[in-house]
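I have placed the structure first, in the form of structure tokens, so that the comments after it can refer back to it.
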Amino acid sequence: MAVNDILEQLKAKLGDSPEENEKFLKSEAERFAAEGNVDGVSAAQELLIENMSDEQREEIHRLTHVDGVRLDKMFDNINQLIKEKKIVEAKPLAERLYKKITVEYKEGENAKFVSLRNPFEDNLYQLMFKPDKVLNRTPFDFAAYITTYAYILVETGSPLDAIPVLEKAIEYNPVDCGPRFELAEVFKLLKNKKRVLEVTRETLRIASSPVAIARCYANVGYMLVDMGEYDDAVAFYTASVIFAPHPAIPYELRDIAQRKGTPVTQPSRDQIVKAMKKYDIEFGPNQEVISVAAQLSANYLSENNIPLALNAMKITYNLTRDEKVKQLILKYDPNAARLVPKQEPVADEDEGKPNITQTINENPEE
């Protein structure tokens, strides 16, 4: 449904009381956000601003704009410059955006700002980090905004400067894998093996998709090749492909075979688990993540909120491959997309080796 249509529907439900209208519109904005309805959120926010006094409206404008440009529009401009390979030109804009966020949305004694993107992240955050402060929701995805600035710092030759920036991004959303992946890339670049492992363990704790888990394992595999631990690297690369095939992995396995001078032998599951334990890493998803997704889907089903229940069920199924969950998904969404079947690594003779160490995350985890 288009923004204008949603605006008309919301306007029809407004009354004469500004206070009641504000309460209603905030509730609708939260509902649209939970459903991932960007147009709905925009419509509700537009009416909220219209419903405010001039003084309130000016304050909202001050908080959500920098140099006369709304924060999300500035972020779009930065991304466009990155796509055009104009990294140097993007840097001052990204720095300005970063400073605006960290100054205007800084943590206080009793409250902090968070950029949690959906009910699943909200519940996972509450369970794992048990916040003791009032949580204020940011108007935009600040974790993503700040992570992009860190990427620009790395690309312009300042990886050390990117570390505290990424740590700040994680503060805004500790259950978003994106900033943690970029932090691992920085430590890979700096050849800091200890920190790559530490960040990977932290990321696996909150990883909520096979793709995220696979990337964690691939990161460790890359590091182990650099350390000369070839057999362990093969175990991690194999585990990565089991969770989510990636075109770079066959090339990495071929490189290992060339370094060793012998063919790579595919490890068994037991061998993979044994290799991972050497680095204090578990095989498979964190059970707490699965539990949050499963409980959330049950709660939404009991409330007959099918869209949100489906979102949670799909997270559960992607991590468990539980046939009962799959059948439940298909019951409510017969056209649900199926994941690519699990695959084992296969040699790939195509030319043009993909860059497994690429830092920019073009497809952040949902």
Side-chain angles (χ1 to χ4, degrees), residues 31-38 116-129 141 173-178 180-181 200-219 236-247 249 269 272-273 276 281-346 361-366:
R31 179 175 68 83
F32 287 130
E35 295 173 354
N37 187 335
V38 178
L116 305 169
R117 298 172 293 184
N118 52 56
F120 171 76
E121 287 191 347
D122 198 314
N123 280 266
L124 188 62
Y125 174 70
Q126 298 281 354
L127 173 69
M128 290 192 165
F129 296 92
D141 187 355
N173 188 350
V175 295
D176 179 2
C177 290
R180 297 181 188 273
F181 281 139
T200 298
R201 292 188 197 104
E202 294 165 0
T203 310
L204 283 168
R205 183 171 171 242
I206 53 123
S208 60
S209 77
V211 172
I213 294 170
R215 183 167 176 179
C216 288
Y217 293 158
N219 279 342
F236 275 92
Y237 278 137
T238 303
S240 178
V241 173
I242 288 173
F243 277 87
H246 190 285
I249 300 299
R269 180 189 174 97
I272 291 172
V273 171
M276 287 186 167
I281 289 176
E282 297 293 328
F283 179 77
N286 184 347
Q287 292 302 310
E288 284 187 307
V289 175
I290 296 173
S291 177
V292 168
Q295 291 179 25
L296 206 55
S297 63
N299 290 341
Y300 282 126
L301 279 177
S302 68
E303 298 171 358
N304 201 34
N305 190 330
I306 303 305
L308 291 182
L310 278 169
N311 288 342
M313 281 190 284
K314 288 174 182 177
I315 294 173
T316 307
Y317 173 70
N318 287 343
L319 294 176
T320 64
R321 301 296 178 134
D322 188 311
E323 189 64 25
K324 291 181 180 178
V325 177
K326 175 182 175 181
Q327 294 306 317
L328 195 57
I329 291 171
L330 294 176
K331 174 184 175 181
Y332 292 103
D333 183 9
N335 298 317
R338 292 171 173 78
L339 286 178
V340 176
K342 297 178 185 177
Q343 299 179 10
E344 301 299 336
V346 179
N361 184 11
E362 294 177 342
N363 297 295
E365 293 302 312
E366 296 298 330

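- Atom CG of Asp333 is separated from atom CE of Met313 by 9.0 Å, given to the nearest 0.5 angstrom.
- Contact annotation: the side chain of Asn318 never approaches that of Ser209 to less than 4.5 Å [non-hydrogen atoms, C-beta and beyond].
- Contacts of Gln287 classified as side-chain hydrogen bond (donor to acceptor under 3.5 Å, both in side chains), with partners at least two apart in sequence or in another chain: none.
- A distance-only check finds a donor-acceptor pair linking the side chain of Arg180 to the backbone of Pro174 [under 3.5 Å].
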Handout entry: CA sep, side-chain torsions, deciding dist, call: Arg117, Asn173, side-chain contact (heavy atoms from CB on, under 4.5 Å)
Key = CA-CA 9 Å; Arg117 298 172 293 184; Asn173 188 350; 3.9 Å; yes
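- In this structure, the separation between OG on Ser208 and CD1 on Ile290 is 11.0 Å, given to the nearest 0.5 Å.
- The closest side-chain heavy-atom distance from Val289 to Phe120 is below 4.5 Å.
- Side-chain contact between Ile213 and Thr203 is absent, with no heavy-atom pair separated by less than 4.5 Å.
- Every residue meeting the side-chain contact (heavy atoms from CB on, under 4.5 Å) condition with Ser240, not counting sequence neighbours, appears here in chain and number order: Ala214, Tyr217, Ala218, Ile249.
- Of all heavy-atom pairs spanning Pro210 and Ala244, the tightest one is O-CB, 3.9 Å.
- The shortest side-chain heavy-atom distance between Lys331 and Leu328 falls under the 4.5 Å cut-off.
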Practice task
Determine, step by step, whether Asn335 and Leu330 satisfy the side-chain contact (heavy atoms from CB on, under 4.5 Å) criterion, reporting the C-alpha distance in whole Å, the side-chain angles of both residues, the deciding distance to 0.1 Å, and the verdict.
Solution key: CA-CA 7 Å; Asn335 298 317; Leu330 294 176; over 6 Å; no
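- Of the options Ile206, Asp122, Asn123, a side-chain contact (heavy atoms from CB on, under 4.5 Å) to Val175 is made by Ile206 and by none of the others.
- For Glu303, the side-chain contact (heavy atoms from CB on, under 4.5 Å) criterion is met by Tyr300, not counting sequence neighbours.
- By the side-chain contact (heavy atoms from CB on, under 4.5 Å) test, Asp322 is found to be paired with Thr320, Lys324, Val325, residues two or more places apart in sequence or in another chain being considered.
- Listed by chain and residue number, nothing satisfies the ring-ring contact (aromatic ring centres under 6.0 Å, His included) test with Tyr332 (two or more places apart in sequence, or in another chain).
- With rounding to the nearest 0.5 Å, the separation of CG in Leu310 from CG in Asn305 is 9.5 Å.
- A distance of 8.0 Å separates CD1 of Ile272 from CZ of Arg269, quoted to the nearest 0.5 Å.
- For Gln126, the CD atom counts as densely surrounded, since its 6.0 Å shell holds more than 12 non-hydrogen atoms of other residues, nucleotides or ligands.
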Practice task
Determine, step by step, whether Met276 and Val273 satisfy the side-chain contact (heavy atoms from CB on, under 4.5 Å) criterion, reporting the C-alpha distance in whole Å, the side-chain angles of both residues, the deciding distance to 0.1 Å, and the verdict.
Solution key: CA-CA 5 Å; Met276 287 186 167; Val273 171; 5.8 Å; no
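- Under the side-chain contact (heavy atoms from CB on, under 4.5 Å) criterion, Glu288 pairs with Leu127, Met128, Asn286, sequence neighbours left out.
- Side-chain contact between Arg201 and Ile281 is present, with at least one heavy-atom pair separated by less than 4.5 Å.
- Contact check for Phe181 versus Cys216: side-chain heavy atoms found under the 4.5 Å cut-off.
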Practice task
For side-chain contact (heavy atoms from CB on, under 4.5 Å), just list the numbers for Asn118 and Glu121, CA-CA rounded to whole Å, side-chain angles, deciding distance to a tenth of an Å, and then say yes or no.
Solution key: CA-CA 5 Å; Asn118 52 56; Glu121 287 191 347; 3.4 Å; yes
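- In this structure, Ile242 CD1 and Phe283 CZ are separated by 4.5 Å, a value rounded to the nearest 0.5 Å.
- Residues Leu296 and Asn311 have side chains not in contact (no heavy-atom distance under 4.5 Å, counting atoms from C-beta outward).
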